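There's a structure below that I have some questions on.
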Amino acid sequence: MSEESIHELIQRRHEKLEEFRQRGVEPYGEKYQVSHRAQEITENFEEVEGKEVKVSGRIMTMRRHGKAGFANLQDESGQIQIYARLDDLGEESFECYKLLDIGDIIGVRGKVFKTRKGEITVSTEDFNLLAKSLRPLPEKWHGLRDIELRYRQRYLDLIMNPEVKEVFILRSRIIQAMRNYLNEKGYLEVETPMMHGVTGGANARPFKTYHNALDMDLYLRIATELHLKRLLVGGYGKIYELAKVFRNEGISTRHNPEFTSVEVYEANADYYDMMALTEDMISVICQDVFGSLNITYQGKELDLTPPWPRLTMLEAIKKYANLDFTGAKRDEEAREVVKDLKLNIDKNTTRGEIINLVFEEYVEKHLDQPVFILDYPIEVSPLAKSKKDDPAFTYRFEAFLASSEIANAFTELNDPLDQKERFLKQAEKRAAGDEEAHMMDDDFIASLEYGMPPAGGLGIGIDRLIMLFTDAPSIRDVILFPTLRPR
RNA sequence: GAGCCAUUAGCUCAGUUGGAAGAGCACCUGACUUUUAAUCAGGGUGUCCCAGGUUCGAGCCCUGGAUGGCUCACCA
């Protein structure tokens with residue numbers, strides 16, 4: 001945007017602003033005590049007809065008729081028409097009315113009536129200029145379509161496209177419903193540091209920053225997991241954190257560098273408890289916010305009614321990819337099973353990694369209706385407890401909805417020696433160049449050495465859940481200010 | 001990170017075979033005291049994303065770059 005060259009349209013508005021001042025009108029007024037919001041008037045016309053009301057809002061359209069005029073005011077609730085006449089306002093005030101532009105914010109006092117054409121209208125007795133707008137708004141009919149401008153100047157998007165405002169109201173209500181749910185079930189909301197000396201809890205590259213006074217590098221957190229588990233060690237039994245995490249990775253319709261997650265931990269629970277929590281919480285929120293357990297995402301009808309089916313990862317692979325790993329216990333045998341498939345594997349790829357790759361490549365895309373996939377390979381689950389009867393797998397599940405992973409949970413690994421081993425394996429991967437492998441977290445290990453009760457933990461990507469609930473094709477549609485390159 | 005596509009007035013968009021830069025809304029002037037995409041008469045406000053190149057001549061063709069979108073890769 002060329003700030004330096006003042007466009008004629010903007011210049012003209014500056015002149016009008018000056019003219020208001022010369023007429024003794026402050027163009028940036030004080031708070032206006034409204035009596036009604038636009039919607040309250042249009043929905044309760046019988047009650048307010050003929051009565052005096054005070055409304056305020058942004059002028060969205062103007063229709064001038066010589067010595068009178070109509071305009072539409074938009075407030076938080078919607079729009080209402082106002083009508084202004086020279087006879088009612090007087091010479092001086094009507095001259096000021098004529099100086100108003102689309103985009104200006106005004107307060108209006110007047111009686112409610114209905115025009116000949118049936119439009120509910122406030123007949124202006126006087127008005128106050130609350131904020132003079134110096135830039136022209138986008139066109140009234142087509143609105144703001146340019147996707148880049150909508151993200152960069154979200155305030156314009158919100159002014160011009162009411163359905164966008166609706167999405168973020170829904171977002172707020174969904175998050176509120178989730179907090180209500182968790183609070184009512186006795187989970188305590190806590191806040192843990194966003195700046196970490198060592199990051200962990202996920203496979204991801206972190207953002208790096210620097211603290212001057214301490215002269216040290218810090219990372220923005222990639223997950224809340226390891227601090228929340230320290231709190232289980234500390235004695236809290238049911239906790240959650242719902243807040244932003246940061247991952248230094250690519251941007252796409254499903255990825256924003258900062259995003260919101262919720263992680264829930266519960267002592268003396270396991271992943272079955274987390275499954276019950278997941279399907280109950282999500283269906284309760286859906287029922288709360290939408291009054292139904294059926295939603296449509298991008299043309300797909302989804303039924304969230306619990307209980308959701310449960311399949312182990314191996315069962316799911318057998319069902320959807322027609323491959324059987326049950327007999328393949330060794331890495332070479334697993335490689336034999338997939339020898340005809342195009343997978344990114346080499347001599348060092350282990351059985352568990354192959355199974356996970358097959359699942360991601362051939363199974364996930366089929367998982368439209370809600371389903372729990374249980375028992376992930378230990379190699380890709382360094383924080384989950386391994387299964388008693390088959391230590392190659394873990395008590396971990398992910399919930400899928402519309403082919404998208406919406407929840408990740410496990411019976412938490414509370415054996416400090418096992419956890420240390422897992423970190424060491426991750427450290428090997430890091431040394432081999434895997435920047436997303438977990439870092440060794442000595443303090444976390446120390447906390448486990450004091451003893452962490454058996455526990456279940458659950459993580460949900462809030463933005464993706466909101467995408468599902470608002471039928472949004474891109475994560476940027478549910479984040480008010482998505483990350484963009486500066487211009 | 002790779003491929004494809006887009007970028008023209010404040011906004012939404014046309015722009016033919018390479019031959020004088022267009023429309024609607026907005027804006028400006030005038031008319032109009034119940035309109036509502038108000039109407040009527042008049043007015044075009046521009047770094048055609050940027051930098052090179054080809055050409056007598058480039059919004060259009062070529063090369064490089066910027067930003068964005070989509071797809072893929074990575075991830076949640």
Side-chain angles (χ1 to χ4, degrees), chain A residues 1-2 4-13 15-16 59-72 79-89 94 97 101-103 113-121 123-124 133-153 156-157 159-160 201-205 222-223 225 245-263 344 360-361 364 380 398-400 404-408 434-436 459-465 467 473-476 482 484-487:
Chain A
M1 198 166 294
S2 57
E4 311 313 326
S5 64
I6 296 186
H7 192 274
E8 180 197 327
L9 297 176
I10 294 175
Q11 180 59 43
R12 178 65 188 137
R13 285 174 179 235
E15 288 165 12
K16 287 181 177 176
I59 298 172
M60 297 303 289
T61 59
M62 297 190 91
R63 296 171 291 283
R64 301 181 191 279
H65 296 260
K67 297 184 181 61
F70 292 92
N72 282 80
Q79 293 197 3
I80 182 132
Q81 177 167 271
I82 63 162
Y83 177 56
R85 291 200 312 170
L86 172 62
D87 293 352
D88 295 333
L89 290 176
F94 195 72
Y97 180 83
D101 284 309
I102 288 174
F113 74 108
K114 208 178 251 188
T115 64
R116 271 181 224 150
K117 298 284 174 66
E119 180 89 6
I120 294 165
T121 303
S123 178
T124 307
S133 169
L134 297 176
R135 289 172 183 263
L137 285 179
E139 193 220 357
K140 62 182 172 190
W141 194 242
H142 298 94
L144 186 65
R145 292 274 182 77
D146 186 300
I147 291 176
E148 184 177 352
L149 288 182
R150 288 184 44 214
Y151 295 151
R152 283 192 195 281
Q153 297 181 274
L156 287 182
D157 192 23
I159 291 170
M160 300 308 298
N203 297 308
R205 292 165 61 184
I222 56 174
E225 173 150 1
V245 295
F246 309 86
R247 297 190 185 174
N248 204 340
E249 290 165 348
I251 295 178
S252 78
T253 49
R254 307 179 54 70
H255 302 83
N256 196 63
E258 52 177 308
F259 63 99
T260 303
S261 84
V262 64
E263 290 192 32
N344 185 21
E360 288 178 350
E361 191 66 28
E364 281 191 9
V380 296
E398 292 192 348
F400 286 84
S404 174
E405 176 208 326
I406 58 154
N408 178 23
D434 182 355
E435 289 185 75
E436 293 178 356
I460 294 176
I462 295 293
D463 308 276
R464 291 199 178 162
L465 188 67
M467 284 170 70
S474 168
I475 198 167
R476 295 181 205 100
L484 296 177
R485 281 191 165 84
R487 229 186 4 197

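Please read all numbers here as calculations on a predicted model, not as lab measurements. Side-chain atoms are counted along with the backbone in the values below, which use heavy atoms only and exclude waters and symmetry mates. Protein chains get the first letters and strands the later ones, always in sequence-line order, with residue 1 at the start of each.
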For a quick check, with a 4.0 angstrom heavy-atom cut-off, what is the B/S/- contact string for nucleotides 26-37 of chain B, read 5' to 3'? SSS---BBBBBB

Using atom P in both nucleotides, what's the gap between B:rU12 and B:rU7 to the nearest angstrom? 13 Å

If we call it a pair only when both distances are under 3.5 Å in a Watson-Crick or G-U wobble match, what pairs with B:rU7? B:rA66

Which nucleotide, in any strand shown, forms a Watson-Crick or G-U wobble pair with B:rC48, with both distances under 3.5 Å? none

How long is the line joining CD1 of A:I475 and C1' of B:rC74, in whole Å? 15 Å

Close side-chain approach of A:T115 to A:F70, heavy-atom, < 4.5 Å: yes

Nearest 0.5 Å, what's the CZ-CZ distance between A:R13 and A:R135? 11.0 Å

Quick one: look up who B:rC32 pairs with, Watson-Crick or G-U, both distances under 3.5 Å, and put none if it's unpaired. none

Pairwise N/O distances under 3.5 Å, protein to nucleotides 71-73 of chain B:
none

Which whole number of Å gives the distance between the P atom of B:rU8 and that of B:rG68? 15 Å

Using atom P in both nucleotides, what's the gap between B:rU45 and B:rG22 to the nearest angstrom? 10 Å

Under 3.5 Å on both distances, the Watson-Crick or G-U partner of B:rU54: none

Please give, in whole Å, the distance from B:rG1 P to A:E249 CD? 14 Å

Partners meeting side-chain contact (heavy atoms from CB on, under 4.5 Å) with A:E405 (sequence neighbours left out): A:E398, A:F400, A:N408

Using whole Å, what does the distance between atom P of nucleotide B:rG10 and atom CG of A:L134 come to? 17 Å

Same-atom distance (C1') from B:rA58 to B:rA20, integer angstrom: 14 Å

Rounded to whole angstrom units, what separation is found between the CZ atom of A:R254 and the P atom of B:rG69? 16 Å

Rounded interatomic separation in angstrom, taking CD1 from A:I147 and P from B:rG68: 13 Å

Distance, C1' atom - from B:rC72 to B:rA9, rounded to whole angstrom: 37 Å

Taking only N and O in the side chain of A:R152, is any of them less than 4.0 Å away from OP1 or OP2 of B:rG68? yes

On RNA chain B, compare the nucleotides closest to A:G143 and A:A204; which residue's is nearer the 5' end? A:G143

B:rA2: pairing nucleotide in any strand, Watson-Crick or G-U under 3.5 angstrom: B:rU71

Starting at atom CD of A:E435, determine the distance to atom P of B:rG1, rounded to an integer number of angstrom. 13 Å

Name the nucleic acid region contacted by A:I460, choosing base, sugar-phosphate or nothing; use a 4.0 angstrom heavy-atom cut-off, strictly under. nothing

As a quick check of understanding, evaluate side chain to side chain contact (heavy atoms under 4.5 Å, CB included) for A:D463 and A:T260, giving each step before the final call. CA-CA 6 Å; A:D463 308 276; A:T260 303; 3.8 Å; yes

Partner nucleotide of B:rC13 by Watson-Crick or wobble geometry (both distances under 3.5 Å): B:rG22

Using the P atoms only, state how far B:rA37 lies from B:rC25, rounded to an integer number of Å. 13 Å

note: A:D146, atom CG; B:rG10, atom P; distance rounded to Å ~ 13 Å

Can you check the distance between B:rC61 and B:rG57, where both ends of the measurement are the C1' atom (answer in whole Å)? 13 Å

When the distance from CZ of A:R145 to P of B:rU8 is rounded to whole Å, what number comes out? 15 Å

Please give the distance between the P atoms of B:rC49 and B:rG44 as a whole number of Å. 24 Å

